[in-house]
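Input: a single structure, listed below in structure tokens.
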Number of protein chains: 2
Amino acid sequence: MKPNIDHVAERAQVSKATVSRVLNNNPQVKGEIKERVLRAIEELGYRPSVIARNLATNRTNNIGLILPDITNPYFPVLARGIEDAAHRLGYTLFIGNTDNDPKIEQDIIYKMVEQQVGGIVLISSTLDEKTVNELTSLHTPIVLCDRLIEDKPFDAVSIDNYKAAQDSINYLIERGHTRIAHLAGPKNIQSAVSRRTGYMDAMHAANLEPFVSVGTFSYESGVHQMGAVIDEYAPTAIFAANDLLALGAMQEIHRRGLRVPEDISIIGCDDIAFCAMSRPTLSTISIPAYQIGVTAVQLLDDQMKGVRSGSKNVILEHKLIHRESCNGVDQK
Amino acid sequence: MKPNIDHVAERAQVSKATVSRVLNNNPQVKGEIKERVLRAIEELGYRPSVIARNLATNRTNNIGLILPDITNPYFPVLARGIEDAAHRLGYTLFIGNTDNDPKIEQDIIYKMVEQQVGGIVLISSTLDEKTVNELTSLHTPIVLCDRLIEDKPFDAVSIDNYKAAQDSINYLIERGHTRIAHLAGPKNIQSAVSRRTGYMDAMHAANLEPFVSVGTFSYESGVHQMGAVIDEYAPTAIFAANDLLALGAMQEIHRRGLRVPEDISIIGCDDIAFCAMSRPTLSTISIPAYQIGVTAVQLLDDQMKGVRSGSKNVILEHKLIHRESCNGVDQK
DNA sequence: TTGAAAGCGCTAACAA
DNA sequence: TTGTTAGCGCTTTCAA
């Protein structure tokens with residue numbers, strides 16, 4: 001039979017309150033008694049019941065991670081950062097995929113709250129007024145990743161997507177490109193929108209004619225969009241809203257017998273591992289996904305421990321990575 | 001104040017046992033009373049405390065997924081299958097990465113058991129006698145993925161790695177190759193060992209001289225190993241123990257000014273998404289990772305519900321996918 | 001510094 | 001068919 005706190009108390013000849021104190025490192029237990037309790041615990045192979053403790057204290061050491069789809073190569077790195085940080089802080093991690101479906105997202109959030117998670121790291125696409133109000137009413141600490149919500153009562157950690165887009169465009173402009181098209185992501189995803197706006201503003205600032213093709217954040221979408229872009233705009237460079245799009249676009253460019261970067265330069269965003277493996281290797285905006293994850297958990301931990309009041313918005317640095325897929329227009 | 005079962009009982013003018021019955025869909029509650037209780041629940045916005053229920057029943061609706069590293073592109077698909085199946089069955093999923101470190105693995109297993117998970121899906125590399133005994137002593141349902149343990153009291157789901165390797169070699173032999181090298185995975189990972197054995201046996205059966213280079217399951221290892229293989233063996237074909245190795249090898253082959261498949265054909269294993277995106281696209285053994293995940297959860301659910309006694313070993317079908325990276329020797 | 005005892009919010013015998 | 005009551009294994013006042 002699995003030993004419980006009473007068995008330990010009995011064996012150590014103390015009350016279970018004392019055992020509980022030892023368990024919780026309460027310093028007011030005298031050394032000798034503490035020894036005795038620890039020995040009893042050892043001898044019985046006793047492990048406290050987390051569940052009973054949860055009920056008594058009304059909290060858990062669990063936190064939840066809710067993301068669109070772990071299958072998208074950008075997310076595993078983020079998830080790993082979160083898991084590592086959570087593990088380090090003694091939390092166990094729940095995980096759930098939403099496929100960007102607001103209904104599923106709701107579902108999972110409630111399920112995790114029901115499990116009494118101490119906090120949630122949320123990568124959401126659906127932050128309308130209604131959702132925000134519901135989240136607020138949960139009274140569960142929340143940290144948002146990858147989207148920047150101003151004037152909202154949530155902690156968040158992300159990069160400056162607007163600036164990342166501008167950096168990309170300016171990088172292409174410096175290399176002499178003037179016909180730069182943008183493969184954009186979904187309109188309901190905030191990071192995609194920021195990147196698109198950054199692109200538009202940078203193009204206008206340089207007096208260049210913009211061209212945007214909207215799709216999803218997938219490889220297939222990149223393949224598909226690229227065909228239309230070539231037909232309708234004849235670009236010499238592409239800024240893709242993420243790397244999967246860029247890789248798909250590259251595929252289509254090659255299929256048409258054009259070359260990267262000689263005919264068309266291309267830059268992506270995220271810096272997934274495959275950017276360095278593709279032929280040619282893919283220039284991109286590197287997002288510190290792992291660090292975003294770690295930071296998110298730190299913010300969450302602070303909230304859970306009541307260290308801070310008010311919400312905090314952390315913007316991490318992105319970095320443009322130059323690889324083979326980008327050339328100057330004169331280097332054909 | 002958050003309502004509890006007593007509040008509901010009071011409002012519905014019944015005992016809390018009756019409320020509990022309604023909560024658990026016990027059919028012996030009369031329709032009218034059930035209505036009253038449901039109304040009270042509705043009006044109070046009552047949600048039962050999972051934690052209290054866990055303590056009372058001594059079980060949870062949580063299951064755990066323990067894997068080496070979610071960052072390895074093979075695992076997210078598996079994880080997704082597991083999450084989807086778990087979600088469908090009403091389980092919430094814990095996740096933990098081990099980095100193939102037996103100590104961390106132990107740690108996470110205990111942590112999850114401590115959380116009273118109902119069961120664990122384990123992708124382990126370290127199944128020695130000692131670990132097996134410890135796992136058995138946990139009395140927690142366990143399903144192993146991706147490795148086949150005979151005569152062990154665990155459910156498992158995997159593919160036939162030995163045969164997968166043989167299929168690959170025979171496929172290359174049919175195309176006229178005779179100098180076929182193998183980039184092997186770590187010696188302590190069972191799937192890697194099976195693939196290697198399959199390779200060796202297939203080579204011997206065909207009277208061909210084998211050449212094995214041992215490394216890790218990473219891209220970098222593929223790059224590194226490939227150099228040595230070219231120098232020491234001059235292969236016309238490569239069977240890599242996984243796709244990352246294959247992609248790394250391809251990179252190195254190109255770097256040396258050789259061509260795939262004209263100079264060297266190459267086939268990998270796993271069928272990660274990038275296989276279809278690389279240049280050339282990569283032939284590989286397709287492993288039904290998603291289906292493995294789904295099946296694992298089904299087995300786990302059976303165990304948890306006591307449907308079955310004895311352990312079950314499910315082998316799913318793999319499939320050889322022909323892509324551009326493989327040629328006949330005469331098609332130079 | 002330690003112990004006694006009352007919960008935490010539910011489930012499940014057992015009785016009625 | 002419903003209610004009474006005793007736990008589940010801890011934590012946490014309050015008293016000693």
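Because only heavy atoms are used, hydrogens play no part in the values below, and waters and symmetry mates are left out as well, while side chains stay in. Just so we're on the same page: letters track the sequence lines, and every chain starts at 1. Since the structure is predicted, the reported quantities are computational estimates derived from the model, not experimental observations.
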(message) Please check: side-chain N/O of A:Asp6 versus main-chain N/O of A:Ala9, any donor-acceptor pairing under 3.5 Å?
(response) no
(message) For B:Gln291, is there any backbone N or O sitting under 3.5 Å from a side-chain donor or acceptor partner on B:Thr295?
(response) yes
(request) For B:Gln115 and B:Asn62, test the side chains for any donor-to-acceptor distance below 3.5 angstrom and give the result as yes or no. (result) no
(request) Compute whether any side-chain donor of one residue and acceptor of the other, for A:Glu105 and A:Ser124, lie under 3.5 angstrom apart. (result) yes
(message) Just so I know, are the side chains of A:Asn4 and A:Ser49 near enough to count as touching, which here means a heavy-atom distance under 4.5 Å?
(response) no
(message) In the structure I gave you, are the side-chain heavy atoms of B:Ile70 and A:Glu83 within less than 4.5 Å of one another anywhere?
(response) no
(message) Tell me which pairs pass ring-ring contact (aromatic ring centres under 6.0 Å, His included) where either residue lies in residues 41-86 of chain B, with sequence neighbours left out.
(response) none
(message) So, does B:Thr18 get its side chain near the phosphate of D:dG3, meaning an N or O under 4.0 Å from OP1 or OP2?
(response) yes
When the side chains of residues 28-35 of chain A are checked against the rest of the protein, which donor-acceptor pairs come out under 3.5 Å, sequence neighbours left out?
from    : atom 1 : to      : atom 2 : distance (Å)
A:Gln28 : NE2    : A:Asn26 : OD1    : 3.3

(message) Quick check for you: name the first and last nucleotides of DNA chain C, 5' to 3', having an atom under 4.0 Å from a heavy atom of chain B.
(response) C:dG9 to C:dA13
(message) Protein within reach of the bases, or only the backbone? For nucleotides 8-16 of chain D, mark each nucleotide 5' to 3' as B, S or -, using heavy atoms under 4.0 Å.
(response) BBBBBB---
(request) Please determine which of A:Asn61, A:Thr60, A:Thr140, A:Asn58 meets the side-chain hydrogen bond (donor to acceptor under 3.5 Å, both in side chains) test together with A:Gln116. (result) A:Asn58
(request) Give me the residues of residues 25-32 of chain A where at least one heavy atom lies under 4.0 Å from an atom of DNA chain C, by number, or none. (result) A:Gln28, A:Val29, A:Lys30
(message) Angle between the end axes of the helix from C:dT1-D:dA16 to C:dA16-D:dT1, five pairs per end, to the nearest 10 degrees?
(response) 30°
(message) I'd like to know whether A:Leu122 forms a side chain to side chain contact (heavy atoms under 4.5 Å, CB included) with A:Val143, so could you lay out the CA-CA distance, the side-chain angles of the two residues, the decisive distance to 0.1 Å, and finally the verdict.
(response) CA-CA 6 Å; A:Leu122 177 60; A:Val143 175; over 6 Å; no
(message) For a quick check of understanding: with a heavy-atom distance under 4.0 Å over all strands, which category does A:Val14 fall into, base, sugar-phosphate or nothing?
(response) sugar-phosphate
(message) Between A:Arg88 and A:Asp84, does any NZ, NE, NH1 or NH2 come within less than 4.0 Å of an OD or OE carboxylate oxygen?
(response) no
(message) As an exercise, state the distance from CZ of A:Arg53 to CG of A:Asn24, rounded to the nearest 0.5 Å.
(response) 5.0 Å
(request) Output the distance between atom CG (B:Asp99) and atom CG (B:Asn97), rounded to the nearest 0.5 Å. (result) 6.5 Å
